[in-house]
Amino acid sequence: MNIQQFRAILFLFACFSAAHLQAAQQAVILQYHHVDEGTPAPTSITPALFDEHIRFIQENGYIVWPLDDAVEAVRNNKPLPDKAVVITIDDAYRSVYTEIYPRMKKLGWSFTVFVNSDAHDNQQGHYITWDQMREMKQHGAIFANHTNSHLHLLRKHAGEDEAAWLVRVKKDVELGQRRLIEELGDAPMLFAYPYGEHNPALRKLITDMGYVGFGQQSGPIGPLSDYAMLPRFPMAAGFAGMKRFPEKLNTLPLPVISVEPANAVLSGDDSLPVLKLGLAKGDYQHNALACYISGQGRGKVSWDGDMLTVTPNRTLPV
């Protein structure tokens, strides 16, 4: 499957509700790639903006937790600070060592880096080295699996059926985990999907392998979260500014108990999809909830009891 053969993930939507929900145990996970002045804008923020993020966290009572501890606490209803925030970085680019690590070390904050091991084995210049990872690990860094290859996992090779595809992906994930353990001594069972791409078969594979999976969709984690695809707030381009940063840190998890369709990858003939979210019982203010569709603004929202249905205003582009 290539990029032309599937459409955008259902919607890039954000749901906001003024319903009076009982506050649930939760944590906000932030996702960074580059903290650099000269790297691609869609995956970067400047060091100055990163400093503003840090300052806001410090000055407003937030507690930075290790990713594995936060997930365990939410999943098992263990004590968690009211303002728990987690810092994660994907791909282990050079700036994680030059910009992020010195700041985290000075503050004594834990952070998690998702590593695609092949890039480090081949000593590609814009990635950190295994020696740098070993140093960082001594000062609060956690390194976790981002596959070995960092390929688009949903793309099958020519002539490859689903069984062969799953075998190949499993080997790639296993190799990534093995290289982490060989170089760093251990690795948690945490996995971030490259590009945030997944489908039901891939999520089942990751779960069956014993991993907690992380995507790139926005939102905090809570007791009703799907631990095959936990959300993180991407911090890059136009999504990391200080105007919206406090709002993201204060977000409560929307209590979603079902999602239709389960597969976020659309077929070529499904250009006007319908998204259905089943919510836990609650006193929702239906008129206060809005869902925004990438490139279209506010979508059409309807309710049937606690079932929320969203439809686009027009067909989605490829």
Taking only residues two or more places apart in sequence or in another chain, which ones pass salt bridge (Lys or Arg N to Asp or Glu O under 4.0 Å) with Arg298?
->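 Counting only residues at least two positions away or on another chain, Arg298 forms no salt bridge (Lys or Arg N to Asp or Glu O under 4.0 Å).
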
Should side-chain heavy atoms under 4.5 Å link Ile, Leu, Val, Met, Phe, Trp and Tyr, which residues sit in the same cluster as Leu224?
->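 Hydrophobic cluster check, Leu224: joined to Ile257.
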
Remaining members of the apolar cluster that contains Leu80, side-chain heavy atoms under 4.5 Å |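 Once heavy-atom contacts under 4.5 Å are chained together, Leu80 belongs with Ile29, Ile63, Trp65, Leu67, Val71, Val74, Val86, Phe114, Leu190, Val212, Phe214, Ile221, Tyr227, Leu230.
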
Could you pull out all residues at least two apart from [X] that satisfy side-chain hydrogen bond (donor to acceptor under 3.5 Å, both in side chains)?
X	answer
Asp131	Arg134
Asp208	Lys204
Tyr211	Asn145, Gln177
Glu182	Arg179

Should Glu247 and Arg244 count as an ion pair when the cut-off is N to O under 4.0 Å?
->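 Counted as a salt bridge, because a side-chain N and a carboxylate O are separated by less than 4.0 Å.
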
Return each pair, listed once, that meets salt bridge (Lys or Arg N to Asp or Glu O under 4.0 Å) where at least one residue sits in [range]; pairs must be two or more places apart or across chains.
range	answer
residues 85-112	Asp51-Arg103, Asp90-Arg232, Glu99-Arg103
residues 288-297	none
residues 61-73	Glu72-Lys78

Compute both the distance and the angle, then confirm whether Lys83 meets the cation-pi test with Tyr62: under 6.0 Å from the six-membered ring centre, within 45 degrees of the axis.
->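 Because its charged atom sits under 6.0 Å from the ring centre and within 45° of the axis, Lys83 does stack over Tyr62.
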
Show me, pair by pair, the donor-acceptor contacts under 3.5 angstrom made by side chains of residues 136-143, not counting sequence neighbours?
residue, atom, partner, partner atom, Å
Lys137, NZ, Asp186, OD1, 3.4

Residue set satisfying ring pair (Phe, Tyr, Trp, His ring centres under 6.0 Å) with His120, at least two apart, ordered chain then number -> Tyr127, Trp130

